[in-house]
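Written out below as structure tokens is the structure these notes cover.
When a residue number appears, it is its place in the shown sequence, counting from 1.
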Amino acid sequence: MASAAGGDRFTVEVRHEGGAVVLALAGELDHDTAEPLREALEAALEADGARLLIDFSGVSFCDSTGLNAVLHGRLTARENGGAVALVGLRRPVERMFRITGADTVFDVYPDVAHALAGQAEVGRDDRSGPHG
């Protein structure tokens, strides 16, 4: 089951895969385009204990508005016994997460398959305990 939301510059595809909810993002995530992500996060996190994977592999740009939406989603998930992990971070989005330190509070995976298998990116698997 998949659904999509967004506009011309940014889209969110929601699908269920391997016991997780995957939000596949595409385009530019900024102040003007973040609402579909907020809505998808809210809907996905309604279930207690939800495991959410946010797939950034299709995102070419992300500003602080997008970062804040993802961080807020992480807090909501944790309050409800769930977890949020990041998937497919690539430049320049990866750099923004790294510079702000936001990448240290999430489990980060190279792709959805690795996330479902629980295999973190090289260099990131030395963190102790779950962070998502």
Side-chain angles (χ1 to χ4, degrees):
M1 177 177 143
S3 62
D8 293 337
R9 289 184 42 225
F10 180 74
T11 60
V12 179
E13 177 189 343
V14 181
R15 64 183 188 268
H16 297 273
E17 192 171 332
V21 177
V22 178
L23 301 184
L25 314 181
E28 298 176 3
L29 176 55
D30 59 29
H31 176 75
D32 295 328
T33 63
E35 192 57 31
L37 174 58
R38 286 189 200 100
E39 292 171 359
L41 283 166
E42 184 177 315
L45 295 171
E46 285 179 354
D48 287 345
R51 180 173 183 220
L52 182 61
L53 305 177
I54 304 177
D55 184 355
F56 277 87
S57 61
V59 176
S60 58
F61 175 81
C62 178
D63 73 0
S64 61
T65 305
L67 174 63
N68 285 327
V70 172
L71 289 168
H72 180 75
R74 176 187 171 271
L75 291 175
T76 301
R78 288 178 61 93
E79 289 170 359
N80 295 321
V84 175
L86 306 180
V87 174
L89 290 178
R90 59 187 186 123
R91 291 183 184 188
V93 176
E94 181 275 334
R95 184 173 188 268
M96 190 263 307
F97 273 85
R98 184 174 32 84
I99 287 172
T100 62
D103 65 334
T104 65
V105 299
F106 291 96
D107 288 326
V108 180
Y109 301 92
D111 54 44
V112 172
H114 283 89
L116 293 173
Q119 300 169 342
E121 285 187 338
V122 174
R124 296 185 190 271
D125 56 355
D126 56 340
R127 295 177 294 160
S128 60
H131 296 279

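- Annotation: side chain of L86 is in contact with side chain of V70 (closest heavy-atom distance under 4.5 Å).
- The CZ atom of R91 sits 7.0 Å away from atom CZ of R98, with the distance rounded to the nearest 0.5 Å.
- Using a 4.5 Å heavy-atom threshold, the side chains of T100 and L67 count as touching.
- When all heavy atoms are compared, the tightest approach of D55 to G88 is OD1-CA, 4.4 Å.
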* To do: Evaluate the criterion side chain to side chain contact (heavy atoms under 4.5 Å, CB included) for residue pair D63 and H31; output intermediate values, then yes/no.
  => CA-CA 7 Å; D63 73 0; H31 176 75; 4.3 Å; yes
* L89 and F97: side chain to side chain contact (heavy atoms under 4.5 Å, CB included), yes or no, with the steps? -> CA-CA 9 Å; L89 290 178; F97 273 85; 4.1 Å; yes
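- Put simply, the side chain of V22 does not reach to within 4.5 Å of the side chain of I54, judged on heavy atoms.
- Residues passing the side-chain contact (heavy atoms from CB on, under 4.5 Å) test with T76, sequence neighbours excluded: L45, H72, N80.
- Note on residues 16-37: pairs passing salt bridge (Lys or Arg N to Asp or Glu O under 4.0 Å), not counting sequence neighbours, are R9-E28, R9-D30, R15-E17, E35-R38.
- For G73 against V84, the heavy-atom pair with the smallest separation is O-CG2, 3.9 Å.
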* To do: Assess whether side chain to side chain contact (heavy atoms under 4.5 Å, CB included) is satisfied between L29 and F56, documenting all intermediate values.
  => CA-CA 10 Å; L29 176 55; F56 277 87; 4.2 Å; yes
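- Looking at R51, its side chain never comes within 3.5 Å of a backbone N or O of V21 through a donor-acceptor pair.
- If you take CD on E94 and CD1 on I99, they are separated by 8.5 Å, rounding to the nearest 0.5 Å.
- When the options T33, V59, T11 are evaluated for a side-chain contact (heavy atoms from CB on, under 4.5 Å) with L25, the one that passes is V59.
- Closest approach of A77 to A83, counting heavy atoms only: CB-N, 3.9 Å.
- At a threshold of 4.5 Å between side-chain heavy atoms, the hydrophobic network of Ile, Leu, Val, Met, Phe, Trp and Tyr places V93 and V105 in one connected group.
- The two residues G66 and L37 have their closest heavy-atom pair at O-CD2, 4.4 Å.
- Residues A40 and V12 share a closest heavy-atom pair of CB-CG1, 3.7 Å.
- Scanning for side-chain contact (heavy atoms from CB on, under 4.5 Å) contacts around R90 gives S60, with sequence neighbours left out.
- Taking every heavy atom of both residues into account, L71 and A102 meet most closely at CD2-CB, 4.4 Å.
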